[in-house]
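Worksheet for the structure shown next.
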Amino acid sequence: MTIRLYDTNARQIRDFVPLTAGCVSIYLCGATVQAAPHIGHIRSGLNFDIMRRWFEYRGYDVTFIRNVTDIDDKIIAKAAERNRPWWSIGYDNERAFNDGYTALGCLPPTYEPRATGHVTEMVEMMQGLIERGHAYEAEGNVYFDVRSFPGYLELSRQELDNLQQPSGVGETGKRDPRDFAMWKSAKPGEPTWATPWGRGRPGWHLECSAMAHKYLGTAFDIHGGGLDLIFPHHENEIAQAKAYGDDFARYWVHNAWVTMAGDKMSKSLGNSVLVSEMVKTWRPIVLRYYLGTPHYRSMIEYSEESLREAESAFARIEGFIQRVVEKAGGAVEPATDVPPAFAEAMDDDLGVPQALAIVHTTVRQGNSALAADDKEAAVARLAEVRAMLGVLGLDPLDPHWVGETDRGEDLHGVVDSLVRLVLDQREAARGRKDWATADAIRDQLGQSGLAIEDGPQGPRWSLGPR
């Protein structure tokens, strides 16, 4: 058994060999909490949640760090715009992110450090970099000297002579315009911390280098994040950490975006779909299916049609599970092992689409067993399905999802009584061989969003696709 991952730095899929046998250390760039999360933000956390679950299934002890960037230019700008303290903006949005992660079934990280809690570590790193000749102070700012680090831009494969480094307001005194800020001097109305070079606040890139060092040491296995972070964020993280003396990350794994009309979903483009609003319309487990089942390196073009397709596909899985549980007369525990073809797909760069195909194949086999009244085979297939869905965080019988409300679940009993009255009329029509009326009733129920299935115990209904 060898797990293989696409390493952005190597531009190829590599066999995963951990630094410590049986252990995996992962650092994921988490939320920058200037605004509430859209589904593009949550996709990254969800993709790495699946990675973490697969490593744990394979028997690894996983340390998973997902940071919170609770101070940066955008948070300060948002605070000024709303006339609120910067920390209150960050706190509210951090809670919104955690609510989103929880709603979509992401396991909590091992540690979730905030940037503002690690200024001491940042100052220590800057002092070390200045002593080694990789950084310098200018007018209260501290900059990284990119020409001092020969490996700079190896991740993004850019040419230094062509580089245009993003710069913020007040970044004065640079020796080279391509140098980037690790520390920004104090400005009126901004939060500040004391340092040997005067009061100021941290730069974005320094935060992650310092927190990764704090929680994972001088070297760790996997650094993750969205494609948009490769430059400048991850490139600058590498420069700081390695110039400081760390080996840093051995594998770089990046997830693709959720797009709308071909553009990356973002607040600045005004095309975001907030998680807090989406879960009012769509079941969270369906959103997880929609966001988590494409390959993590594939773009997701958002549309309601594709969400409806995901809802319908997941409904077929849930319908099978419910039928077998009813036939078995009780709970069916997940199998100890997933099918070999599923494991092979997941080992190959987390091939969730191929693994999901095995889930649907097993569901079809289970439905065939139900049709043949083969209870033993149906139960065996359900056990396999539950094992596979558990790895993906999509098992509807898992305690996290049990009791999940779905479009007025509190009215289920009322709806059931009303639907039963209509189904009784349909059964009466079928009894007198009035097939036209029976079919018309079924079609009308379907147009109302109800799926009707005839079985040995009589007709049953469920919420169909929208």
Side-chain angles (χ1 to χ4, degrees), residues 280-287 289-290 303-332 356-357 359-382 384-386 389 394-397 401-466:
K280 295 176 183 177
T281 307
W282 302 91
R283 295 171 58 204
I285 197 169
V286 170
L287 284 176
Y289 184 96
Y290 172 67
S303 71
E304 286 208 3
E305 181 182 358
S306 58
L307 252 169
R308 284 193 293 270
E309 291 172 355
E311 182 181 50
S312 179
F314 191 68
R316 290 194 293 272
I317 297 173
E318 284 188 303
F320 163 70
I321 293 172
Q322 187 175 0
R323 287 191 294 274
V324 178
V325 168
E326 289 178 359
K327 190 171 188 65
V332 175
L356 189 65
V359 174
H360 283 287
T361 296
T362 308
V363 167
R364 288 193 294 271
Q365 293 170 347
N367 282 329
S368 296
L370 285 172
D373 201 27
D374 187 344
K375 175 181 173 181
E376 183 178 350
V379 167
R381 298 295 79 74
L382 174 54
E384 293 172 346
V385 166
R386 287 201 65 193
L389 293 179
L394 286 168
D395 180 4
L397 300 182
W401 301 114
V402 171
E404 179 194 28
T405 59
D406 177 19
R407 289 180 278 167
E409 186 69 24
D410 55 333
L411 296 176
H412 186 279
V414 175
V415 174
D416 183 64
S417 296
L418 294 173
V419 173
R420 289 294 165 193
L421 290 174
V422 179
L423 289 178
D424 287 345
Q425 295 174 19
R426 178 172 174 264
E427 287 301 291
R430 294 179 67 182
R432 61 178 181 267
K433 301 187 184 303
D434 184 357
W435 309 117
T437 298
D439 289 346
I441 292 173
R442 179 177 183 138
D443 292 344
Q444 188 171 6
L445 288 172
Q447 292 171 7
S448 301
L450 300 176
I452 306 302
E453 181 181 357
D454 296 309
Q457 283 76 43
R460 50 179 296 162
W461 68 272
S462 62
L463 289 172
R466 296 160 197 271

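Sequential numbering from 1 along the given sequence is applied to the chain's residues. Quick caveat: nothing in here was measured; it's all calculated off a predicted structure.
Within the 4.5 Å cutoff, side-chain heavy atoms of I317 are placed close to those of H360. With a 4.5 Å cut-off on side-chain heavy atoms, T362 and F320 do not count as touching.
Among residues two or more places apart in sequence or in another chain, the side chain to side chain contact (heavy atoms under 4.5 Å, CB included) test is passed with D374 by A369, E376, A377. Take S368 and apply the side chain to side chain donor-acceptor pair (under 3.5 Å) test, not counting sequence neighbours, and it matches no residue. Residues passing the salt bridge (Lys or Arg N to Asp or Glu O under 4.0 Å) test with E326 are R460, sequence neighbours excluded.
Summarising the geometry, atom CD belonging to Q365 is positioned 7.5 Å from atom CD belonging to E384; distances are rounded to the nearest 0.5 Å. In this structure, CG on L397 lies 9.5 Å from CD on Q322, to the nearest 0.5 angstrom. Expressed to the nearest 0.5 Å, how far CD of E311 lies from CG of L287 amounts to 9.5 Å. How far CZ of R381 is from CZ of R364: 13.5 Å, rounded to the nearest 0.5 Å. With rounding to the nearest 0.5 angstrom, the CD atom of Q425 is 12.0 Å from the CG atom of D434.
Closest of all the heavy-atom pairs between R386 and V332 is NH1-O, 2.8 Å. Between A378 and L370, the shortest heavy-atom contact is CB-CD2, 3.9 Å. Nearest heavy-atom pair across R442 and R426 is NH1-NH2, 3.4 Å. Across every non-hydrogen atom of W401 and P396, the tightest pair is CB-O, 3.8 Å. Shown here for Y290 and S303, the closest heavy-atom pair between the two residues is OH-N, 3.6 Å. Shortest non-hydrogen contact noted between N367 and R323 is OD1-NH2, 2.8 Å.
Ionic pairing of R308 and E305 is not present here: no N-O contact between side-chain nitrogen and carboxylate oxygen is shorter than 4.0 angstrom.
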Next item on the list: Could you please spell out the steps behind the side chain to side chain contact (heavy atoms under 4.5 Å, CB included) verdict for I441 and L423?
Entry: CA-CA 8 Å; I441 292 173; L423 289 178; 5.7 Å; no
Next item on the list: Given side chain to side chain contact (heavy atoms under 4.5 Å, CB included), test I321 with L389 step by step and report yes or no.
Entry: CA-CA 11 Å; I321 293 172; L389 293 179; 3.9 Å; yes
